[in-house]
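The structure under discussion appears below in the form of structure tokens.
Every chain is numbered from 1 and lettered A, B, ... according to where its sequence line falls, protein lines coming before strand lines. What you see is a predicted model; the values in this text were computed from it and never measured.
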Number of protein chains: 2
Amino acid sequence: MVIHYKEKSFFTSKDLALSVIGGRWKIAIIWCLLQQSPLRLSEIQKYLPDVNQRMLIRQLRELEEDQIITRMVYPVVPPKVEYQLSEIGLQLKPVVTSICDWGDHFRIFLEENANKKSVQ
Amino acid sequence: MVIHYKEKSFFTSKDLALSVIGGRWKIAIIWCLLQQSPLRLSEIQKYLPDVNQRMLIRQLRELEEDQIITRMVYPVVPPKVEYQLSEIGLQLKPVVTSICDWGDHFRIFLEENANKKSVQ
DNA sequence: GGCAATACTGACGTTTTTGTCACTGTGATT
DNA sequence: AATCACAGTGACAAAAACGTCAGTATTGCC
């Protein structure tokens, strides 16, 4: 996840992808914005209560720089900022979906394993 | 990527998945083993020349602990060890594929962007 | 005047992850 | 007796990621 594509010219597709979506909370953020869009910062925080605000904002900034999400600022008081997935960001849906699906399989796999052990 | 599922009882599917495949080189290793299997350590190193051996071994160990890959040791000299994806590991193929596909799209997206800028 | 709401930012420290270096063991080969 | 091949391990250092705390700005409300 470390080397960002802007600092390296040659990359395989997967490395390029991972340099953009590999951050600690990025898949989670993208997942939120696939559930509901647009979302305000405070709403994303409700979806992801484990992420502290500072961290969340950093990850949002990075996603914005990479043009995965867009950030709309409304000049009102109190401030209102809305985040949503860009076109290329929306195309990450199969990635998020396949990760969730595999997670489901893996959970079942772990449970079956646990059962086998307890039977022995 | 940080909190491993063994240290936390409740997890969404994606968090569970990411706790297992979120390591720096894990997707890359799984990608290798989807291309060719089984592979010896030295062969994986040829696929991934940027990863130092120590790091590679650590990531392999973690994948093995999580039962994503299997490790076969042949008691010969010089030693021979073969790695391959387990059944649940093989099921990660859609994840790797969708990441690669999106990376391709994103690369095209970046190139188009660059062209637009140079035309302006 | 003081406080609330929202969306931040800066400085700083901690933790995690990643990388480097030197080293191990064994049998065959030169 | 030295060297090679292969697959490691241990101790440590560096870098990156992550988290915490305090503070900013604006306007309206009590």
Side-chain angles (χ1 to χ4, degrees), chain A residues 1-8 15 18-30 32-33 37-66 69-84, chain B residues 1-8 15 18-29 32-33 36-66 69-84:
Chain A
M1 319 309 172
V2 164
I3 300 161
H4 193 265
Y5 70 89
K6 286 178 183 165
E7 282 134 45
K8 198 178 169 186
D15 294 333
L18 289 175
S19 84
V20 170
I21 59 168
R24 179 86 175 77
W25 300 105
K26 288 186 183 170
I27 292 285
I29 291 169
I30 293 160
C32 291
L33 291 170
S37 194
L39 282 174
R40 301 180 66 170
L41 178 65
S42 50
E43 293 171 322
I44 301 177
Q45 286 187 276
K46 279 171 207 153
Y47 271 103
L48 305 174
D50 287 349
V51 195
N52 77 71
Q53 200 187 34
R54 188 84 183 84
M55 207 51 227
L56 188 55
I57 290 169
R58 275 184 220 168
Q59 301 272 302
L60 286 166
R61 285 285 171 285
E62 290 181 14
L63 288 170
E64 192 195 348
E65 271 178 42
D66 290 334
I69 63 175
T70 58
R71 181 164 165 273
M72 267 292 286
V73 182
Y74 296 90
V76 294
V77 169
K80 176 174 175 173
V81 178
E82 284 186 346
Y83 294 93
Q84 59 186 313
Chain B
M1 319 302 173
V2 165
I3 300 160
H4 192 265
Y5 69 89
K6 286 176 183 166
E7 281 134 45
K8 199 179 168 183
D15 294 332
L18 290 175
S19 85
V20 170
I21 60 168
R24 178 85 175 78
W25 300 105
K26 287 184 183 171
I27 292 285
I29 291 170
C32 290
L33 290 170
Q36 195 189 324
S37 194
L39 282 173
R40 302 179 65 170
L41 178 67
S42 51
E43 294 171 320
I44 301 177
Q45 287 187 275
K46 280 172 206 152
Y47 270 102
L48 305 174
D50 288 349
V51 194
N52 75 71
Q53 200 189 30
R54 189 83 183 83
M55 205 53 227
L56 188 56
I57 291 169
R58 276 185 222 169
Q59 301 273 301
L60 286 166
R61 286 285 174 284
E62 291 182 12
L63 288 171
E64 192 196 348
E65 271 177 40
D66 290 334
I69 63 174
T70 59
R71 181 164 165 272
M72 266 293 286
V73 182
Y74 297 89
V76 294
V77 170
K80 176 173 174 172
V81 178
E82 283 184 344
Y83 295 93
Q84 57 185 316

Seminar exercise, completed: Output for pair (I57(A) CD1, N52(A) CG), nearest 0.5 Å, gives 9.0 Å
Problem set entry | Rounded interatomic separation in angstrom, taking NZ from K26(A) and P from dA16(D) | 14 Å
Exercise. In Å, rounded to the nearest 0.5 Å, how long is the span from CE of M55(A) to CG of L48(A)?
Worked result: 12.0 Å
Exercise. Atom CG of L18(A) to atom P of dA16(D): distance rounded to whole Å?
Worked result: 18 Å
Below 3.5 Å is the cut-off: list the nitrogen or oxygen pairs between protein and nucleotides 7-9 of chain C, distance only.
{"residue": "dA7(C)", "atom": "OP1", "partner": "R40(A)", "partner atom": "NE", "Å": "2.8"}
{"residue": "dA7(C)", "atom": "OP1", "partner": "R40(A)", "partner atom": "NH2", "Å": "3.2"}
{"residue": "dA7(C)", "atom": "OP2", "partner": "S42(A)", "partner atom": "N", "Å": "3.2"}
{"residue": "dA7(C)", "atom": "OP2", "partner": "S42(A)", "partner atom": "OG", "Å": "3.0"}
{"residue": "dC8(C)", "atom": "OP1", "partner": "R61(A)", "partner atom": "NH2", "Å": "3.1"}
{"residue": "dC8(C)", "atom": "OP1", "partner": "R71(A)", "partner atom": "NE", "Å": "3.2"}
{"residue": "dC8(C)", "atom": "OP1", "partner": "R71(A)", "partner atom": "NH2", "Å": "2.4"}
{"residue": "dC8(C)", "atom": "OP2", "partner": "Y83(A)", "partner atom": "OH", "Å": "2.5"}
{"residue": "dC8(C)", "atom": "N4", "partner": "Q53(A)", "partner atom": "OE1", "Å": "3.2"}

For this session: Measure the CG-CH2 distance between L18(B) and W25(A) for me, rounded to the nearest 0.5 Å.
Result: 10.0 Å
Exercise. What is the distance from CD1 of I44(B) to C1' of dG8(D), rounded to the nearest Å?
Worked result: 13 Å
Problem set entry | Euclidean distance, E62(A) CD relative to I69(A) CD1, rounded to 0.5 Å | 10.5 Å
Problem set entry | d(CE, M55(A); C1', dG13(C)) in whole Å | 15 Å
Exercise. Please give, in whole Å, the distance from dT17(C) C1' to W25(B) CH2?
Worked result: 12 Å
Seminar exercise, completed: Whole-Å distance, R58(B) CZ to dT17(C) P, equals 11 Å
Exercise. At under 4.0 Å between heavy atoms, what does E62(B) touch on the DNA or RNA strands: base, sugar-phosphate, or nothing?
Worked result: nothing
Problem set entry | Euclidean distance, R58(A) CZ relative to L60(A) CG, rounded to 0.5 Å | 12.0 Å
Table please: side-chain donor-acceptor pairs of residues 36-46 of chain B below 3.5 Å, with sequence neighbours left out.
{"residue": "Q36(B)", "atom": "OE1", "partner": "Y47(B)", "partner atom": "OH", "Å": "3.1"}
{"residue": "R40(B)", "atom": "NH2", "partner": "P79(B)", "partner atom": "O", "Å": "3.2"}
{"residue": "E43(B)", "atom": "OE1", "partner": "R40(B)", "partner atom": "N", "Å": "2.6"}

Exercise. Hey, what do you get for CD1 (I30(A)) to CG (L63(A)), rounding to the nearest 0.5 Å?
Worked result: 5.5 Å
Seminar exercise, completed: In short, Q59(A) meets R24(A) closest at the heavy-atom pair OE1-N, 3.6 Å
Problem set entry | Rounded distance (Å) that lies between atom C1' of dC18(D) and atom CZ of R24(B) | 17 Å
For this session: May I have the distance from N52(A) (atom CG) to dG10(C) (atom P), rounded to whole angstrom?
Result: 16 Å
Name the pairs: protein N/O against N/O of nucleotides 27-30 of chain C, kept only if under 3.5 Å.
none

